[in-house]
Amino acid sequence: MNWLSAHGRAMQLALARLIAAPLNTLLSILGIGILLALPAGGQWLLEHLAALGRGAAATPQLTIFLQVEAERPAAEEIVARLKKRAEVAKVELLAREDTLERMKRQESLADVIAALPKNPFPDAIVVTPADENPVTLEALATEARQWRQVEAVQIDSDWARRLSALLHLARIGLGLLATLLGLGLVAITFNTIRLQVLTREAEVEVSRLLGATDAFIRRPFLWYGALLGLFGGAMAWLIVAAAMFALRLPVAELAQLYGIELELALPTLPFSAMLLGAAAFLGWLGAALSLRQQLRAP
Amino acid sequence: MIRFDRITKRYPPDITALAEISAEIGAGELVAITGHSGAGKSTLLKLIPAIERPTAGSLLFNGQNVGALPPRALPFLRRNMGLVFQDQKLLFDRNALANVLLPLEIAGFPPREARRRAEAALDKVGLLKRAKAMPIALSGGEQQRLAIARAVVHRPALLLADEPTAHLDTDTARDVANIFIEFHRVGVTVLVATYDASLFPSARCLALSQGRLV
Ligand SMILES: Nc1ncnc2c1ncn2[C@@H]1O[C@H](COP(=O)(O)OP(=O)(O)OP(=O)(O)O)[C@@H](O)[C@H]1O
Ligand SMILES: [Mg+2]
């Protein structure tokens with residue numbers, strides 16, 4: 001109880017000090033917020049893409065695109081041929097007229113498509129294999145490429161594999177970025193607390209003479225750092241949320257062009273808690289390091 | 001209560017502020033430490049809350065060897081005492097009441113109780129009406145009394161005051177001296193460094209000269 005009320009008072013004191021210099025505080029919070037928004041936003045996008053990759057990898061598919069001038073019977077003949085094969089579970093014909101209609105409904109594309117003299121989309125056949133063995137799928141793709149009137153064959157899990165490699169790279173990059181910017185946050189609070197201690201030198205000295213323990217002297221500074229980190233984290237959250245909101249429609253439209261459903265969401269509760277917790281911890285760490293350097297007992 | 005045993009204090013490079021001081025101060029005494037400027041009065045007072053450590057000899061406070069206390073024990077040693085510094089060390093970024101509250105916050109008093117006590121201490125030195133005033137707005141005598149209020153607010157058994165009447169006119173000096181005499185009367189042990197022992201007629205005198213007792 002005593003310990004709790006001591007922390008309660010230290011926190012109040014730190015809050016009062018933050019409020020007493022509003023411009024300073026706001027600038028620090030903004031700086032920390034922008035610093036953290038980059039890795040946090042990146043991480044949040046990455047989680048979307050990773051979920052996408054998982055969904056795709058579970059159902060590898062083969063898409064066979066026919067030549068644009070191919071006749072419908074040719075497509076139906078290929079469908080029939082595929083249906084007879086043991087390694088094929090499902091075959092679906094995407095007629096070029098349907099594809100055109102679907103694309104026309106895309107607001108941003110409607111004008112472009114209307115201006116085209118003829119339907120640019122080919123017939124397409126989507127094949128779901130019976131087993132997920134990539135070798136079987138690869139063999140089928142190689143064979144299909146030889147067929148008459150087939151323009152291209154695409155293994156859909158290809159992009160999933162590429163995506164996963166890309167994600168791996170992005171994750172490492174993001175980790176590096178997060179480490180650097182996290183260090184930046186520590187540096188910001190380190191310096192802020194250093195200045196705080198300097199302006200409160202008299203108070204620190206007098207408190208010591210009046211019987212204050214080290215813990216008593218440190219506590220408000222530690223809270224100051226932690227609160228600064230926390231508010232900076234909240235600012236980063238707002239920036240990420242705003243970015244997601246602004247990107248939601250364009251990203252969804254872009255994704256739909258690839259036949260993917262991708263809706264950017266606001267950060268979830270666990271993600272937000274992680275962000276705020278990490279920010280507060282880094283702020284506290286910067287303050288603790290700063291105090292260690294400055295408040296060495298005389 | 002306090003025992004100096006052959007205490008020597010040397011400051012670097014080679015200044016002997018105190019030499020071979022032996023003295024004993026009992027609980028409830030009023031002691032005036034006198035001597036010329038540079039005689040070592042402040043140094044002697046600073047040894048008791050371990051603001052300075054003796055170079056040689058031992059200093060016992062309530063049976064504890066102060067010179068040998070580890071740093072983490074010092075806060076608790078100091079909470080037994082009320083300190084009035086030669087340069088007062090008031091905090092100019094907060095009002096009189098907040099200055100007096102500081103020792104109570106340090107000792108962990110609940111806010112309501114702390115406020116009650118701080119107001120009582122201000123009342124005792126005649127500053128209750130100026131509780132909200134900033135120290136810069138107080139006169140020299142008022143600042144001195146504020147420093148005393150801060151020193152006694154946690155009701156210490158020992159009061160150490162370093163030249164509390166310096167720079168005050170005769171009447172004000174007498175008023176301030178009387179505050180200490182009052183505290184002594186209610187049982188507080190009081191040590192005052194002063195150049196004017198006549199302000200404390202009832203006090204026992206420890207006279208210092210060149211760092212030695214005379
Ligand atoms: N921190 C210090 N470093 C070096 N020398 C010091 C220090 N503090 C005091 N001294 C020296 O020790 C001697 C005693 O100083 P002290 O402050 O105890 O004298 P004092 O009796 O309080 O004098 P005053 O009446 O002027 O306050 C002086 O010669 C002073 O110069
Ligand atoms: Mg002195």
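Every chain is numbered from 1 and lettered A, B, ... according to where its sequence line falls, protein lines coming before strand lines.
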Return one line per donor-acceptor pair between chain A and chain B under 3.5 Å, naming both atoms and the distance rounded to 0.1 Å.
from: Arg9(A); atom 1: NH1; to: Phe109(B); atom 2: O; distance (Å): 3.4
from: Arg9(A); atom 1: NH2; to: Phe109(B); atom 2: O; distance (Å): 3.2
from: Glu203(A); atom 1: OE1; to: Arg94(B); atom 2: NH2; distance (Å): 2.8
from: Glu205(A); atom 1: OE2; to: Lys89(B); atom 2: NZ; distance (Å): 3.0
from: Arg208(A); atom 1: O; to: Arg78(B); atom 2: NH1; distance (Å): 3.0
from: Gly211(A); atom 1: O; to: Arg79(B); atom 2: NE; distance (Å): 2.8
from: Gly211(A); atom 1: O; to: Arg79(B); atom 2: NH2; distance (Å): 3.0

**Message:** Between Leu209(A) and chain B, with a heavy-atom cut-off of 4.5 Å, which part of the residue counts as in contact: side chain, backbone, both or neither?
**Reply:** both
**Item:** Contact class of Phe85(B) relative to chain A, heavy atoms under 4.5 angstrom
**Value:** side chain
**Request:** Please look at Ile51(B) and chain A and tell me whether the side chain, the backbone, both or neither of the residue comes under 4.5 angstrom of a heavy atom of that chain.
**Result:** side chain
**Message:** Could you check whether atom CE of Met134(B) has more than 12 heavy atoms from other residues, nucleotides or ligands sitting under 6.0 Å from it?
**Reply:** yes
**Prompt:** Where is the tightest heavy-atom contact between Ala212(A) and Pro75(B), given as atom of each residue plus distance?
**Reply:** O-CG, 3.6 Å
**Item:** For Leu102(B) against Val206(A), the heavy-atom pair lying closest together
**Value:** CD2-CG1, 4.1 Å
